[in-house]
Amino acid sequence: METAYNPSAIESKWYAYWLERKLFESKVDDREPYTIVIPPPNVTGVLHMGHMLNNTIQDVLIRRARLQQKNACWVPGTDHASIATEAKVVARLKQQGIAKETLSREEFLKHAWDWTEEYGGVILAQLKRLGASCDWSRTTFTMDQHMYDSVIEVFIDLYEKGHIYRGYRMVNWDPEAKTTLSDEEVIYQEREGNLYYIQYAYTDGSGALTVATTRPETIFGDVAICVNPEDPRYSDKLGKTVFVPIVNREIPIISDTYVDAEFGTGCLKITPAHDQNDKAIGDKYNLEIIDALNSDATLNAHALHYEGLDRFEARPKIAEELQALGLLLKVEKHLNKVGTSERTGAVIEPRLLDQWFLKMEELVKPAIDAVLKNGEIKLHPSKFDNTYKHWLENIRDWNISRQLWWGQQIPAFYYDNTFVVAKSLEEALEKANERAAEQQSNKRYTAADLRQDEDVLDTWFSSWLWPISVFNGILEPDNKEINYYYPTSDLVTGPDILFFWVARMIISGYEYRKTYPFKNVYLTGLVRDKQGRKMSKSLGNSPDALGLIDTYGADAVRVGLLLSSAAGNDLLFDESLCQQGRNFANKIWNAFRLITSWEGAPIAQPEANKIGIEWFNSQFNSTLDFIEDQYAKYRISDALMALYKLIWDDYCSWLLELIKPAYQQPVDEATKKEAFELMERLLVLLHPFMPFLTEELWQQLDARPEGSSICVAHWPQSGPINQPLIGRFNHTQSLISALRTMRKEKHIKPKEILEIQTQKSDHLLVIPEVLSKLGFTSSIEIIESAGDNTLSVRVETTEYYIPFGTQINVEEEVEKLQKELTYQKGFLEIVNRKLTNKRFVDGAPDEVVAAERKKAADAQEKIQTIEITLSKLG
RNA sequence: GGGUGUUUAGCUCAGUUGGUUUAGAGCGCUACCUUGACAGGGUAGAGGUCAUGGGUUCGAAUCCCUUAACACCCACCA
């Protein structure tokens with residue numbers, strides 16, 4: 001066996017083995033199900049650190065459930081990501097010299113599918129490298145036929161229930177992707193801009209008023225000037241009209257309390273086509289709507305000679321012209337928030353358009369109760385409850401239409417001045433004709449009269465059904481899969497999609513299954529670089545995920561990611577974490593090499609081994625209890641750290657060192673057998689974190705039947721804990737450590753046998769067998785009082801003496817003891833201060849007071865022994 | 001502008017409803033050791049007035065208030 005663990009060959013060998021044996025596949029049976037649906041990555045995405053963290057956690061949970069003999073089912077898949085994918089396809093076509101506008105819908109979709117097939121498998125293959133134990137036979141794509149049909153079914157259902165409506169509304173327009181976005185897809189950024197003070201002349205020639213605006217290019221859409229009715233500066237101007245500069249259109253001066261008299265000049269220009277608030281005011285006062293922009297954010301004919309110019313190019317030119325006209329009073333620097341597209345980064349243009357909306361007010365109610373009132377769903381960490389609550393309580397209607405082709409086409413069919421919503425053209429025709437008949441019309445419609453809505457649905461309008469539709473629970477709500485696997489168990493995802501996805505899945509879950517989609521939501525942190533910056537392509541600070549696996553091994557990378565990722569806290573990723581994971585893998589590898597190199601012999605088991613193994617069993621059980629508790633709280637990294645220490649410190653450093661036979665000597669059969677059994681239980685506990693290494697060692701540890709795997713081994717049960725033994729072992733460990741320190745300080749040879757004496761004969765706390773093997777001591781001698789020329793070490797209140805001839809440095813020893821004496825005296829004083837405080841003795845609980853009394857007694861005893869030793873040293 | 005969270009050893013973080021020694025872990029650091037599992041190792045050690053100021057309490061890293069820095073979320077101020 002090699003002296004170091006070499007992951008690459010082992011990883012590919014076992015992953016293939018697992019797939020071949022179909023160990024990750026799940027079928028409905030009578031066991032308890034444990035289900036996770038993957039947050040579907042973008043179909044054309046590549047694995048990044050966030051995915052790695054996310055999916056490692058899911059794999060840990062699912063592998064543990066599998067070991068607990070649950071029916072573990074992890075459903076993988078990908079998302080069609082309409083805007084992102086369409087943007088990439090458009091860009092590639094452009095490279096090939098093809099403009100999207102020249103293609104028909106069908107032709108374009110053909111290109112999109114080609115692209116999807118080309119890149120679609122990449123990220124799933126990468127997840128396999130990480131060791132993800134998904135049921136690949138269930139791989140689902142949000143554009144699969146049944147997924148597509150589910151979305152259409154839901155759209156029609158919600159429409160018929162009156163939750164979906166079509167409305168002419170101010171929406172967020174992405175001029176680059178030429179589509180609308182939901183409010184959630186708009187990211188506000190602070191940008192430095194200008195505040196332009198523009199003069200609008202009164203039409204009666206009595207001078208001009210000044211309006212402050214950040215967007216002079218929108219003056220072509222101005223339909224009024226609005227002031228606050230309480231503003232004395234303008235009280236006599238109401239009812240007058242002014243000229244819009246450049247176009248010289250006449251507009252009225254109106255008043256509304258919306259206007260803040262303090263801001264700018266107290267005059268607000270009203271441009272209903274280009275601003276949400278202006279639209280509200282326009283509606284209130286029945287003002288005209290003048291849209292001065294084209295869909296690509298260039299100015300249109302309303303802007304006269306600026307027609308065709310981009311909005312940002314036009315802005316300074318308009319300012320120049322105003323300057324020339326003497327109408328630009330001043331320009332001030334102004335910091336304002338600009339909405340940008342999450343996908344393309346383009347500055348969002350508010351625009352009035354016909355769009356489809358989902359009414360949220362009613363749908364959202366059970367989703368609020370589920371998390372905040374009934375506790376049916378728990379968020380981990382729970383600090384996200386507030387964020388969740390705030391969003392749901394202030395939710396607005398969801399714009400679900402997108403002006404794209406890649407996605408589920410909205411099943412609305414227009415004819416004459418109306419429309420029907422239907423699954424297919426045939427059904428739409430039927431409906432249209434039925435309706436005509438109802439209205440006593442003789443008109444018969446044909447396919448040529450109907451035109452399907454060109455738009456597709458928001459990507460999230462398909463992924464919000466994911467936990468239901470992957471089990472076909474929309475189209476066949478009573479099929480046995482959905483009834484068995486749903487509600488799923490845990491969801492693991494990033495907090496950045498809490499609203500986009502998590503909240504909406506909860507909403508759809510209650511609407512379509514009358515219950516929650518998952519019981520627990522584990523929100524991971526964002527993966528940042530060492531300097532705390534978000535990992536991003538543009539910064540180039542994201543390590544190559546697969547490169548890390550190549551360098552350190554998948555197990556090491558998994559451990560590295562988990563070691564410092566408390567739920568919900570961001571994690572600063574550093575490659576040294578992977579090194580730590582790799583070192584751990586190597587440590588286990590070598591522990592395995594050690595025990596398997598032992599030759600077993602039919603000899604009596606040494607007492608030390610018996611005690612050591614009993615101690616380790618107790619330690620194991622105690623740690624297992626702790627680990628179970630950490631899992632229950634979704635504290636995965638703490639569970640891993642406890643296991644790390646159990647293996648490295650307790651198993652390797654203490655137990656194996658204790659039972660290790662002398663060089664080239666055999667070990668007794670019983671010890672060998674027990675060491676193997678313990679190793680096997682540790683491997684099972686470790687398997688969810690390090691699947692490859694544990695499989696390799698588990699297979700080598702014993703002759704396994706054909707086709708067996710640690711993946712489906714049994715999770716260990718906790719057993720009795722011998723607490724007094726743990727106490728004595730700890731005491732012995734402390735004494736051994738103290739001796740090691742002493743040897744180092746006094747330059748005594750590390751393995752030189754020492755004699756140990758102690759006065760405490762009544763209850764010997766030390767385990768002599770362990771002490772003599774690991775502390776290199778002869779048997780312990782009980783003495784009446786310390787002799788001359790001894791060194792002393794103390795564990796708790798017990799003093800141990802080591803006779804050491806005349807060579808000891810008395811001064812040094814005295815100094816050390818004096819220091820300790822001072823500390824103990826100071827400590828005793830603090831405790832006594834409490835104990836002499838009547839209010840403490842009366843007020844504090846009895847056990848606390850008793851504990852303080854014990855401290856005082858212990859300290860006194862220590863002081864006494866130190867003083868005796870000091871007096872001996874003279 | 002509103003909200004939430006964070007601030008504990010050089011770094012990353014624990015610290016569970018205030019009370020087991022005048023605070024813990026992992027990594028890093030320092031010294032020494034190391035030819036019998038592992039130098040990707042062993043042993044030991046050093047490192048913190050728990051962000052600030054105040055308050056409650058017999059007792060505060062822990063509860064309350066002030067201030068500061070940082071992070072995230074939400075919001076239509078031209």
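Scope of the values below: all heavy atoms of this structure, side chains included, with no hydrogens, waters or symmetry mates. For clarity, every value in this text was computed on a predicted model and none was experimentally measured. Each chain gets a letter, A, B and so on, in the order the sequences are listed, and its residues count up from 1.
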Peer 1: Of the nucleotides B:rA44, B:rG40, B:rA37, which has the atom closest to the A:Ala4 side chain?
Peer 2: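 That would be B:rG40.
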
Peer 1: Has A:Glu599 got more than 12 heavy atoms of other residues, nucleotides or ligands less than 6.0 Å from its CD?
Peer 2: no

Peer 1: What is the separation between atom CZ on A:Arg794 and atom P on B:rU21, rounded to the nearest whole Å?
Peer 2: 17 Å

Peer 1: The side chain of A:Asn837 is closest to which nucleotide in this list: B:rC58, B:rG19, B:rA37?
Peer 2: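 Selected nucleotide: B:rC58.
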
Peer 1: Work out how far the C1' atom of B:rG26 is from that of B:rU49, and round it to whole angstrom.
Peer 2: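 Rounded to whole Å, the distance is 25 Å.
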
Peer 1: Would A:Lys825 and A:Glu829 count as a salt bridge (Lys or Arg N to Asp or Glu O under 4.0 Å) here? Give the steps.
Peer 2: CA-CA 6 Å; A:Lys825 282 183 169 167; A:Glu829 202 190 318; over 6 Å; no

Peer 1: With P as the reference atom in both, quote the distance from B:rC29 to B:rA23 in angstrom, rounded to an integer.
Peer 2: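 Those two atoms are separated by 26 Å.
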
Peer 1: For the pair A:Thr493 and A:Thr524, evaluate side chain to side chain contact (heavy atoms under 4.5 Å, CB included) and give the outcome as yes or no after the intermediate values.
Peer 2: CA-CA 6 Å; A:Thr493 192; A:Thr524 65; over 6 Å; no

Peer 1: Identify whether the glycosidic angle of B:rG55 places it syn (within 90° of 0) or anti.
Peer 2: anti

Peer 1: Using whole Å, report how far CD1 of A:Ile595 lies from C1' of B:rA37.
Peer 2: 10 Å

Peer 1: For B:rC64 versus B:rU57, give the span between their P atoms, rounded off to a whole number of Å.
Peer 2: 16 Å

Peer 1: What nucleic acid atoms does A:Ala851 come within less than 4.0 Å of, heavy atoms only: base, sugar-phosphate, or nothing?
Peer 2: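 Nothing, no heavy atom under 4.0 Å.
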
Peer 1: Which part of the nucleic acid, if any, lies within reach of A:Thr741 when heavy atoms closer than 4.0 Å are counted: base, sugar-phosphate only, or nothing?
Peer 2: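 Result for A:Thr741 = sugar-phosphate.
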
Peer 1: Applying a 4.0 Å non-hydrogen cut-off, can you work out what A:Glu657 is touching in the nucleic acid: base, sugar-phosphate, or nothing?
Peer 2: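 It contacts base atoms.
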
Peer 1: Roughly how many Å apart are B:rU16 and B:rG53, using the C1' atom of each and rounding to a whole number?
Peer 2: 28 Å

Peer 1: Rounding to the closest angstrom, what is the interatomic distance between B:rU35 and B:rU20 at atom C1'?
Peer 2: 46 Å

Peer 1: Treat primed atoms plus P, OP1 and OP2 as sugar-phosphate and everything else as base, then score nucleotides 70-78 of chain B 5' to 3': B for base contact with protein heavy atoms under 4.0 Å, S for sugar-phosphate contact only, - for none.
Peer 2: -SSSSBBBB

Peer 1: Quick one: A:Glu861 CD to B:rU21 C1', roughly how many Å, whole number?
Peer 2: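 Nearest whole value for this atom pair: 15 Å.
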
Peer 1: What nucleotide, of B:rA31, B:rG42, B:rA25, holds the atom closest to the side chain of A:Trp648?
Peer 2: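 My answer, after comparing the listed nucleotides, is B:rG42.
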
Peer 1: With side-chain hydrogen bond (donor to acceptor under 3.5 Å, both in side chains) as the test, would you mind laying out the steps for A:Asp222 and A:Tyr200 before giving the verdict?
Peer 2: CA-CA 11 Å; A:Asp222 288 354; A:Tyr200 286 57; 2.5 Å; yes

Peer 1: OP1, OP2 of B:rU20 versus side-chain N and O of A:Lys854: anything below 4.0 Å?
Peer 2: no

Peer 1: Would you say that A:Leu765 contacts A:Thr798 through its side chain, given a criterion of any heavy-atom pair below 4.5 Å between the two side chains?
Peer 2: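 Yes, at least one pair of side-chain atoms sits under 4.5 Å.
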
Peer 1: Is it the case that the base of B:rU6 and the side chain of A:Lys383 share a donor-acceptor contact (distance under 3.5 Å, atom types as modelled)?
Peer 2: no

Peer 1: Could you check which nucleotide pairs with B:rU6 in any of the strands shown, counting Watson-Crick or G-U wobble with both distances under 3.5 Å?
Peer 2: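 The base-pairing partner of B:rU6, which may sit in any strand shown, is B:rA69.
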
Peer 1: When you get a sec, tell me which of B:rG19, B:rC38, B:rC27 is the closest nucleotide to the side chain of A:Asn590?
Peer 2: B:rC38

Peer 1: Between A:Asp385 and A:Lys389, does any NZ, NE, NH1 or NH2 come within less than 4.0 Å of an OD or OE carboxylate oxygen?
Peer 2: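 Between A:Asp385 and A:Lys389 there is no salt bridge, as every charged N stays at least 4.0 Å from the carboxylate O atoms.
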
Peer 1: Please tell me which of A:Gln664 and A:Lys633 maps to the more 5' nucleotide of RNA chain B, matching each residue to the nucleotide holding its nearest heavy atom.
Peer 2: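 Final value for this comparison: A:Lys633.
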
Peer 1: Could you please name the partner base of B:rG48, counting Watson-Crick and G-U wobble pairs only when both distances are under 3.5 Å?
Peer 2: none

Peer 1: Which residue in the set A:Arg311, A:Arg315, A:Lys269 passes salt bridge (charged side-chain N to carboxylate O under 4.0 Å, His left out) when paired with A:Glu217?
Peer 2: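 Answer to the salt bridge (charged side-chain N to carboxylate O under 4.0 Å, His left out) test with A:Glu217 among A:Arg311, A:Arg315, A:Lys269: A:Arg315.
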
Peer 1: Return the pairing partner of B:rC32 with a 3.5 Å limit on both distances, Watson-Crick or G-U wobble; otherwise return none.
Peer 2: B:rG42

Peer 1: Which base sits across from B:rC13 as a Watson-Crick or G-U pair, both distances under 3.5 Å?
Peer 2: B:rG24

Peer 1: A:Lys862 near the nucleic acid: base, sugar-phosphate alone, or nothing, with a heavy-atom cut-off under 4.0 Å?
Peer 2: base

Peer 1: Give the rounded distance in Å between these two atoms: NE2 of A:His747 and P of B:rA44.
Peer 2: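 About 17 Å, once rounded to whole Å.
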
Peer 1: Cut-off 3.5 Å, no hydrogens considered: what does the side-chain donor-acceptor table look like for residues 328-335 of chain A, sequence neighbours left out?
Peer 2:
| residue | atom | partner | partner atom | Å |
| --- | --- | --- | --- | --- |
| A:Lys330 | NZ | A:Glu332 | OE2 | 3.2 |
| A:Glu332 | OE1 | A:Tyr197 | OH | 3.0 |

Peer 1: Looking at every strand, decide which applies to A:Lys645 at a 4.0 Å heavy-atom threshold: base, sugar-phosphate, or nothing.
Peer 2: sugar-phosphate

Peer 1: Atom CZ of A:Arg833 and atom P of B:rG59: how far apart are they, to the nearest Å?
Peer 2: 12 Å

Peer 1: What do the steps show when you test A:Glu185 against A:Asn172 for side chain to side chain contact (heavy atoms under 4.5 Å, CB included), and what is the final call?
Peer 2: CA-CA 9 Å; A:Glu185 287 166 307; A:Asn172 308 298; over 6 Å; no

Peer 1: What's A:Ser737 touching, base or sugar-phosphate or nothing? Going by heavy atoms closer than 4.0 Å.
Peer 2: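 Since only primed, P, OP1 and OP2 atoms lie under 4.0 Å of A:Ser737, the category is sugar-phosphate.
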
Peer 1: Using the C1' atom as the point on both nucleotides, what is the distance between B:rU7 and B:rU12, in whole Å?
Peer 2: 14 Å

Peer 1: In whole angstroms, how far is the P atom of B:rU4 from the CG atom of A:Leu379?
Peer 2: 17 Å

Peer 1: Do you know which of A:Gln580, A:Glu575, A:Arg582 makes side-chain hydrogen bond (donor to acceptor under 3.5 Å, both in side chains) with A:Tyr552?
Peer 2: A:Glu575

Peer 1: Would you mind classifying the nucleic acid contact of A:Pro350 as base, sugar-phosphate or nothing, using non-hydrogen atoms under 4.0 angstrom?
Peer 2: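 Touches nothing.
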
Peer 1: Can you tell me, in whole Å, how much space there is between the P of B:rC33 and that of B:rA60?
Peer 2: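 One P to the other, the span is 46 Å.
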
Peer 1: Taking only side-chain nitrogens and oxygens of A:Arg635, does any of them come within less than 4.0 Å of OP1 or OP2 of B:rG15?
Peer 2: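 For B:rG15, OP1/OP2 do have a side-chain N/O of A:Arg635 under 4.0 Å.
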
Peer 1: Distance check: side-chain N/O of A:Arg593 vs OP1/OP2 of B:rA37, anything under 4.0 Å?
Peer 2: no

Peer 1: Please determine whether a side-chain nitrogen or oxygen atom of A:Asn583 lies at a distance below 4.0 Å from atom OP1 or OP2 of B:rG41.
Peer 2: yes

Peer 1: Roughly, in whole Å, what's the span from CZ in A:Phe384 to C1' in B:rU6?
Peer 2: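 Whole-Å distance recorded here is 12 Å.
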
Peer 1: Please state the P separation for the pair B:rG15 and B:rG24 - nearest whole angstrom.
Peer 2: 15 Å

Peer 1: Apply salt bridge (Lys or Arg N to Asp or Glu O under 4.0 Å) to A:Glu349 and A:Arg215, showing your working.
Peer 2: CA-CA 12 Å; A:Glu349 194 59 55; A:Arg215 304 198 54 193; 2.8 Å; yes

Peer 1: Rounding to a whole Å, what distance do you find between A:Gln630:CD and B:rA25:C1'?
Peer 2: 13 Å

Peer 1: With a 3.5 Å cut-off and heavy atoms only, can you find an N or O donor on one side and an acceptor on the other between the side chain of A:Lys744 and the base of B:rC32?
Peer 2: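 In this structure, the two groups form no donor-acceptor pair.
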
Peer 1: Does A:Lys587 have a side-chain nitrogen or oxygen under 4.0 Å from the phosphate oxygens OP1 or OP2 of B:rG42?
Peer 2: yes

